[in-house]
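Quick notes on the structure that follows.
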Amino acid sequence: MRDFNQNKTPFFTKLKEFGMSHAAPFDVPGHKLGRIENDLQKFVGKKMYLLDSNAPVGLDHLSCPTGVIAEAQNLMAEAMGADRSYFLTNGTTTGILAMVLSVCKANDKIILPRNVHKSVINGLILSGAMPIFIKPNIDELIGIANDVSFDEVKKAIDENTDAKAIFIINPTYFGVVSDLKRITDYAHLHNLVVMVDEAHGAQFYFSHKLPYSAMEVGADISATSMHKTAGSLTQSSIILTQGNRIDHQQLRASLNMLQSTSPSSLLMASLDVARKTMYFQGKTKINNVLKLAKIAREKLKNVPGISVIDKDYLLNQGCYDYDETKLMVKVSDLGLSGFDVYQIMKKNYNIQLELAESHIILCVLTIGTTKQDLERLVLALKKLAEKYHKLKDKLPKIEFRYQFPDPYARPRDAYHAPKHLVKLEDAVDEISAESIMIYPPGIPIIIPGEIITEAVVRDIKFYKEKGGALQSDIDNDTDIDYVQIVDKENWIKYEGDLI
Ligand SMILES: Cc1ncc(COP(=O)(O)O)c(C=O)c1O
């Protein structure tokens with residue numbers, strides 16, 4: 001029988017008991033419950049090490065949970081309105097890989113927006129699934145990709161009635177959501193599995209003042225970063241499922257293929273306690289943060305040179321809904337890019353922002369955000385605007401056109417193809433064999449199998465020049481002087497092959 005007492009923290013409680021039990025440890029980890037000294041141990045204290053166990057007696061196994069991990073997962077599922085939950089100790093990245101891998105076999109079609117996180121592209125490579133990309137709504141003025149419209153989704157489903165699954169982001173990094181309920185209902189009519197990326201949406205499960213969560217609208221499976229917005233430790237995430245469209249043996253097999261056999265007990269304990277806190281206090285604390293966000297937006301509204309990108313603006317642009325715990329500010333009218341402001345805020349004001357794009361900066365507000373910190377942010381932005389607003393006519397105008405290139409081959413085909421490096425300038429019209437992105441947000445500018453256009457080269461150069469944090473998945477060349485392309489001469493395209 002399931003015990004739904006949300007006051008309990010079965011895994012954390014047992015872990016604490018073990019840590020304090022004075023057991024003689026002849027198992028790993030080798031720090032032996034903190035019986036060594038090193039700089040980290042001196043800084044954080046012995047207690048953290050007492051809670052870092054591998055799988056001692058009584059603490060269950062994440063790969064096949066039947067004890068306290070199973071109990072903690074059941075409580076998580078109940079708190080989130082799901083049938084089942086799975087703890088993840090390598091972030092939503094692993095959750096997304098496992099979702100895609102467990103639902104799609106090679107060449108199965110999956111419908112998805114192109115502005116997905118790189119883990120989804122890697123899921124396509126691992127599974128061999130065939131992406132059917134939908135163009136997201138693009139806001140040219142602020143240079144970001146937003147939600148997908150129901151009509152675009154419907155068109156993709158109608159044209160691909162043999163598709164296996166649809167993948168939706170709820171919300172995007174910037175906080176925009178699609179009409180997930182309508183999309184889910186339509187996808188289910190056509191027997192598609194609805195998978196959701198809720199890396200930035202854990203808070204939706206604890207407040208009715210935020211957009212709908214995946215489980216609320218009937219989606220089948222979601223990967224949710226509790227660590228990003230619900231207070232658990234970095235890398236701790238969950239998978240949530242409901243209904244009968246998910247094959248749990250296949251999902252378990254995928255998770256056990258991808259996850260470590262030594263999952264971090266600290267991360268699992270942090271999930272257990274974050275769930276309890278959010279269950280009892282989430283609603284009140286989210287209400288509070290929404291109030292603070294509103295005050296900050298009001299204070300920033302009339303500051304010359306900057307514009308708050310709020311819900312009214314986004315709804316006017318045709319977005320379906322918005323998560324107001326995100327605070328987005330357009331700064332490019334100051335003659336500065338978001339990347340410039342990101343650096344200035346840290347250097348001059350010791351304020352760490354979440355991310356920058358060409359035109360905007362993004363702040364993520366959570367139950368941990370304080371009034372004092374928001375006041376510091378508002379003051380710093382006011383000072384910055386005052387200084388640069390006077391100079392703005394002397395600074396170059398920031399321009400950026402958002403686009404995505406055309407696909408040529410399955411990401412997996414290009415990933416396995418023979419390849420070589422060429423200079424960025426020489427890569428036009430070639431097929432990319434790698435993903436290149438700004439990180440964060442980690443939405444690839446180009447993915448394996450897409451054709452590198454002049455626009456792609458121009459965008460990469462633009463980011464380089466503006467100080468965008470470019471990343472390649474294959475080496476440390478953050479300047480992206482070279483790109484890896486498919487060696488067409490030696491490439492036999494495996495068209496139609498079931499690999
Ligand atoms: C939209 C989106 N999906 C998935 C992920 C991966 O999540 P995690 O960092 O928990 O692995 C991220 C990370 O930033 C993300 O932005």
Side-chain angles (χ1 to χ4, degrees), residues 76 80 85-101 110 112-126 131 133-134 136 144-148 166-178 180 195-205 211 213-214 219 221-240 254-255 258-260 263-264 266-268 270-271 274 322-323 325-326 328 342 352-357 360-364 366 404 435 437-445 447 468-469 471 473:
M76 181 70 84
M80 313 289 274
S85 94
Y86 295 82
F87 283 4
L88 306 168
T89 55
N90 186 29
T92 292
T93 295
T94 306
I96 285 175
L97 295 176
M99 284 201 300
V100 177
L101 207 54
I110 172 171
L112 69 170
R114 176 54 179 79
N115 55 329
V116 285
H117 183 254
K118 68 172 192 168
S119 54
V120 187
I121 306 301
N122 292 332
L124 300 177
I125 293 173
L126 284 180
F133 283 118
I134 322 172
I144 61 166
N146 289 323
D147 54 338
V148 281
I166 181 158
F167 185 101
I168 300 291
I169 316 163
N170 191 51
T172 64
Y173 214 133
F174 306 98
V176 176
V177 301
S178 306
L180 190 57
M195 324 180 178
V196 185
D197 174 349
E198 291 191 314
H200 300 280
Q203 67 284 10
F204 292 2
Y205 288 87
S213 69
I221 183 163
S222 156
T224 310
S225 295
M226 291 294 282
H227 70 96
K228 289 194 198 290
T229 53
S232 64
L233 292 177
T234 294
Q235 280 196 16
S236 61
S237 287
I238 50 174
I239 282 187
L240 300 168
S254 306
L255 282 169
L258 298 165
Q259 297 231 84
S260 166
S264 161
L266 269 175
L267 296 189
M268 290 191 282
S270 84
L271 282 171
Y322 185 58
D323 167 10
T325 63
K326 308 285 187 287
M328 224 194 311
Y342 181 89
Q352 179 59 53
L353 302 176
E354 174 60 21
L355 68 75
E357 269 286 349
I360 56 120
I361 52 160
L362 173 73
C363 308
V364 171
T366 71
F404 289 115
S435 291
M437 70 213 78
I438 301 280
Y439 209 101
I443 302 165
I445 302 165
I447 65 170
Q471 262 191 26
D473 261 351

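If you're wondering where the values come from, they're calculated on a predicted model, not measured in any experiment. When a ligand or atom number is given, it counts from 1 through the structure's own listing order.
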Side chain to side chain, M80 and S85, heavy atoms closer than 4.5 Å: no
With Y173 via side chain to side chain contact (heavy atoms under 4.5 Å, CB included) - residues at least two apart: H200, E354, L355, L362, P440, P441
Test ring pair (Phe, Tyr, Trp, His ring centres under 6.0 Å) applied to H227 - qualifying residues, sequence neighbours left out: none
Under 3.5 Å side-chain donor-acceptor pair for T92 and S225: yes
Non-hydrogen side-chain atoms of I238 and Y86 separated by less than 4.5 Å: no
Close-range residues for ligand 1, whose non-hydrogen atoms fall below the 4.0 Å threshold: G91, T92, T93, I96, H117, Y173, D197, A199, H200, S225, H227, K228, S237, Y439
Contacts of S254 that satisfy side chain to side chain contact (heavy atoms under 4.5 Å, CB included) - sequence neighbours left out: A98, L101, S102
